[in-house]
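Each remark here refers to the structure printed beneath this line.
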2 protein chains.
Amino acid sequence: MQIDKSNFSEWYNTITKDAELCDLRYGIKGFVVFMPWSVMTMNRMYSMMEQALEKKGHVPALFPALIPESYLTKESKHVEGFVPEVMWVTQAGSTDLEERCAMRPTSETAMYTMYSMWIHGLKDLPLKIYQRCQVWRYETKATKPFIRSREFYWIEAHDCFATEKDAMKQVREDMETSEEVLHQQYGIPFLFFKRPQWDKFPGAVNTFAADTLMPDGKALQLPSTHMLGQNFSKAFDVKYKDEKGNDEYVWQTCYGPAISRIYAALIAMHGDSNGLIIPFDLAPVQVVIVPIYRDDTKKAVLKECKKLQKKLSKDFTVKLDDSDNTPGFKFNQWEMKGVPIRLELGPRDLEKGQVVLVRRDTKEKSFVSLKSSELKKMILKTRDSILETLKSRADQWFSDKLSFADTMGELERKTESRGFIRVPFCTEELDGKPCAEVLKDKFQMNMRGSLFGTDTHPKDKKCIACGKDATVYLYAAHQY
Amino acid sequence: MQIDKSNFSEWYNTITKDAELCDLRYGIKGFVVFMPWSVMTMNRMYSMMEQALEKKGHVPALFPALIPESYLTKESKHVEGFVPEVMWVTQAGSTDLEERCAMRPTSETAMYTMYSMWIHGLKDLPLKIYQRCQVWRYETKATKPFIRSREFYWIEAHDCFATEKDAMKQVREDMETSEEVLHQQYGIPFLFFKRPQWDKFPGAVNTFAADTLMPDGKALQLPSTHMLGQNFSKAFDVKYKDEKGNDEYVWQTCYGPAISRIYAALIAMHGDSNGLIIPFDLAPVQVVIVPIYRDDTKKAVLKECKKLQKKLSKDFTVKLDDSDNTPGFKFNQWEMKGVPIRLELGPRDLEKGQVVLVRRDTKEKSFVSLKSSELKKMILKTRDSILETLKSRADQWFSDKLSFADTMGELERKTESRGFIRVPFCTEELDGKPCAEVLKDKFQMNMRGSLFGTDTHPKDKKCIACGKDATVYLYAAHQY
């Protein structure tokens, strides 16, 4: 099978259907059925992210999916941002509810109402709680499975601190967590941007967001972490008594890795014209065994394959494809599904006490002894090597997509190759919004923000749009 | 701390509050906030149950939380059973939805609509899919945290087969899974009843339900598995082509372990007057280290405790309580929270190279060498022994709660001690309902059903209520 990845949109639609990742035929527009092959990987992604969060002191909790309207409307900017997309529950059985309830679009208002009852003194801080859940936003933009749907799956971590400094440290920790999990474990490169003031999370002081690129060069927002300052703690009355007995509002952050969307980045970044390529630790099937036989050798080969499967299943997720399909069909099928390692076993291999190991990422073949210890060692080595290969491929491609433009002319020449283009800009404060709109109108490009943690102050440059002195380098990109 | 467990309702209310398992102050009636200490255990319970299901060939998927009204109303008995408790989404943003959507009370109608598109031939069967999710039922009965709330957390497995026999095999497999997980791993005893026809799942042919008992002797329904026959496959048009090319409706089962409710049974069954007792593998903290020191020994003891914590954390979840509270306070605190193993370490222990190990279930103390290998071995041994102790305690208590009555007089004398009382009954078919209502009116007892897999046919007995010839032994109990 060949699916041309240079037409990314078609590649994506084909692969999500052919590999049975999701089904779009459910009876509510924008609501997707996530099928086993994607859910098995997303569950592994969830586990890794949860482990990383717990290692850094987060604990899990579960808050209701419904939020009373009176909670949702307490922080004014937050309401403004979310209410247009909220789905409302108004009836139960045959009676109308006294107060309508929102299906949570995000959980600040549900959680901070409780936090105000849970936090009393310094001993209660820091409070670091996450929940694994789904949220609902009635998007008006076109939906695309995993990338944007009206129901999606994420983790949201909501933390409270005694000081602004501690909160800012948490923002940096969230960035590190993103690097550890998304980049190191999933192999997805990204840049962390500080969003311009006109594009921050409703209610936040500052939003920091990890943007990756899809194969068509358009930016996709992955986890974001928000410095909420005391905006919400004041609206929800989340206070603690300091050493002197004075009431102080807590400083808050929140962090939201959307697992279903990161899954989209995972398959888009690593896949090729033969289909998916899933990193070993995330694969629903890590090793597929394909027996090669004719009628006279079938019994002996299958017997050995079953032994092999049993042996390897102690350490790995192994599938033996003993269906009646031809080996060629099976190769294509499991390549398309992204299984990282294929083992082929035929009569001649049996004689030699070997198995053919084919890795999905490079298609390289090697002969490995059937001896358990050697085979296991080789699989583990290949596992690491696959992740390294995927990661360095992705990193290389990603860094090639970064360019610079100082003038509208330069920008125009570069906009066709997509990716992130750094431009000098007047200001990332609200005053800069009109200039951003110029770029949006002219090139359909959005200002993703300034690179966090790097010196982003241009010297002697002029804003690309208005020509005033530039105070900041911002990055422009087309976006999902 | 002492909480009298003989007043179970008070014990339960106290412990769920004091151990910070949940918070009932959320702004929607019947909606509970599940706090970290319970969620950490429920997550472990989820993992075990998911592993057991996957080992038996189930794969995970995720279906939308919302169900279009037109899906929900396709199977007439199912509608009748669930619609009175459904919460409805009618608006999105500021517009009314064309079709209102139910927040799923259970997912048959969402899943089987898709199954009808996924199943074509024998190669697609059996289909065994589960999802981990929450469901919403606007209960009119009084709610009680974990036991009955309007939002709860469960797994639902929905399976399709070519034959009735295969479906019945699945029902038995679900019972085995319940035994393996609930009884063997959580230590919760139960009986599997075939429910009388008047008390089955709306739309099912037969319902089989695991009932345990709470400390007050009232029955609590745990997982149930339903033989759906072809009722739903006919309503949802789920068909396959058999070998001859004929269209046949599939046979279906569904299985629904409600993790949040099983958690209630877990804490109720094992807890005592000092609070919770959590089996080691389910405990949020498995080992708590309590340092014992005076001012002059503090530094040395804490140093050793930190070393110990680091060492043990490789294999277990370990908490070092180095707060300023007194040892006595700490002992009470962690006993109340149900931490299975406490290690006490003081200056004299340090000298002797030992640690005091106290197990939560029996309060037994022992002295164990600080040598890593010995301590680890002892903790593992204690882990197994705690589960065995909890299980045999529970089993003993549970079997004592089983009794028999052949007449109304006998039943009346036995009803006070609660538990399951076996009575001869005219019939478990619909005709028996009036007799069940007699017992309900007279003793507030419900007929839980006949014991599945056992000979339940009485000889020469009369129905306890109507005096006709009894055809079946049914079990009566008060219930949650």
Side-chain angles (χ1 to χ4, degrees), chain A residues 20 23 25-28 31-40 42-43 50 59-68 70-71 83-95 97 99-101 103 110-111 113-114 117-118 123 129 131-134 136 138 140 150-151 153 260 284 323, chain B residues 20 23 25-28 31-40 42-43 50 59-68 70-71 83-95 97 99-101 103 110-111 113-114 117-118 123 129 131-134 136 138 140 150-151 153 260 284 323:
Chain A
E20 296 183 320
D23 197 316
R25 292 170 292 178
Y26 193 75
I28 309 176
F31 280 69
V32 173
V33 175
F34 297 97
M35 294 174 76
W37 199 256
S38 65
V39 175
M40 285 186 274
M42 287 196 282
N43 281 348
E50 290 176 283
V59 287
L62 291 166
F63 290 77
L66 295 183
I67 301 179
S70 56
Y71 286 17
V83 163
E85 293 182 355
V86 160
M87 303 192 74
W88 294 102
V89 176
T90 59
Q91 303 164 345
S94 53
T95 55
L97 295 178
E99 179 182 12
R100 64 180 184 164
C101 298
M103 296 188 72
M111 292 170 80
T113 303
M114 303 313 293
M117 299 188 248
W118 294 352
K123 69 168 180 36
I129 288 181
Q131 75 172 345
R132 166 186 179 162
C133 67
Q134 78 231 83
W136 299 271
Y138 207 74
T140 47
R150 286 173 170 170
E151 174 176 56
Y153 292 83
S260 47
S323 68
Chain B
E20 296 184 321
D23 197 316
R25 292 170 292 176
Y26 193 74
I28 310 175
F31 281 69
V32 174
V33 175
F34 297 98
M35 294 174 77
W37 199 255
S38 65
V39 174
M40 286 186 272
M42 287 197 281
N43 281 348
E50 290 177 282
V59 286
L62 291 166
F63 289 77
L66 294 184
I67 301 179
S70 56
Y71 286 15
V83 164
E85 292 181 355
V86 161
M87 302 191 75
W88 295 103
V89 177
T90 60
Q91 302 163 347
S94 54
T95 56
L97 295 179
E99 180 182 12
R100 62 180 184 163
C101 298
M103 296 188 71
M111 292 171 80
T113 302
M114 302 313 294
M117 300 187 247
W118 293 352
K123 69 167 181 38
I129 288 181
Q131 75 172 344
R132 166 185 178 163
C133 66
Q134 77 230 82
W136 299 272
Y138 208 74
T140 47
R150 286 173 168 171
E151 173 176 56
Y153 292 82
S260 47
S323 68

_Between A/Arg132, A/Lys123, A/Glu99, who has the most heavy-atom pairs with chain B when the cutoff is under 4.5 Å?_
A/Arg132
*So, does A/Tyr71 use its side chain to make a donor-acceptor pair with the main chain of B/Gly27 at under 3.5 Å?*
yes
*Reported OH-to-CE distance for the pair A/Tyr26 and B/Met117, which is rounded to 0.5 angstrom*: 10.0 Å
*Count the heavy-atom pairs under 4.5 Å between each of B/Met35, B/Met87, B/Gln91 and chain A, then report the option with the highest count.*
B/Gln91
_With a 4.5 angstrom heavy-atom cut-off, is it the side chain or the backbone of B/Gln134 that approaches chain A, or both, or neither?_
side chain
*Which residues satisfy the ring-ring contact (aromatic ring centres under 6.0 Å, His included) test with A/Tyr153, sequence neighbours excluded?*
A/Phe34
*Please state whether the side chain, the backbone, both or neither of A/Trp136 comes within less than 4.5 Å of a heavy atom of chain B.*
side chain
*Pick from A/Met103, A/Arg150, A/Met111, A/Gln131 with the largest number of heavy-atom pairs that fall under 4.5 Å of chain B*: A/Met103
*May I ask you to name which of A/Met40, A/Glu85, A/Met114 has the most heavy-atom pairs under 4.5 Å with chain B?*
A/Met114
_Heavy-atom contact with chain A under 4.5 Å, split by part of B/Ile67_ = both
*Who among A/Pro60, A/Ala61, A/Pro68 has the most heavy-atom pairs with chain B under 4.5 Å?*
A/Pro60
_Could you report the tightest heavy-atom contact between A/Val89 and A/Leu97, atom names first, then the distance?_
O-CD1, 3.7 Å
*Interface moiety of B/Glu151 toward chain A, non-hydrogen atoms closer than 4.5 Å*: side chain
*Quick one: what part of A/Val83 sits under 4.5 Å from any heavy atom of chain B, side chain, backbone, both or neither?*
backbone
*If you take all heavy atoms of A/Val39 and B/Leu62, which pair is closest and at what distance?*
CG2-N, 3.8 Å
_Which of B/Tyr138, B/Trp118, B/Phe31 touches chain A most, by non-hydrogen pairs under 4.5 Å_ = B/Trp118
*Between chain B and each of A/Thr113, A/Leu66, A/Val59, count heavy-atom pairs under 4.5 Å; write down the option with the most.*
A/Leu66
*Among A/Gly93, A/Ala65, A/Pro64, A/Ala92, which has the most heavy-atom pairs under 4.5 Å with chain B?*
A/Pro64
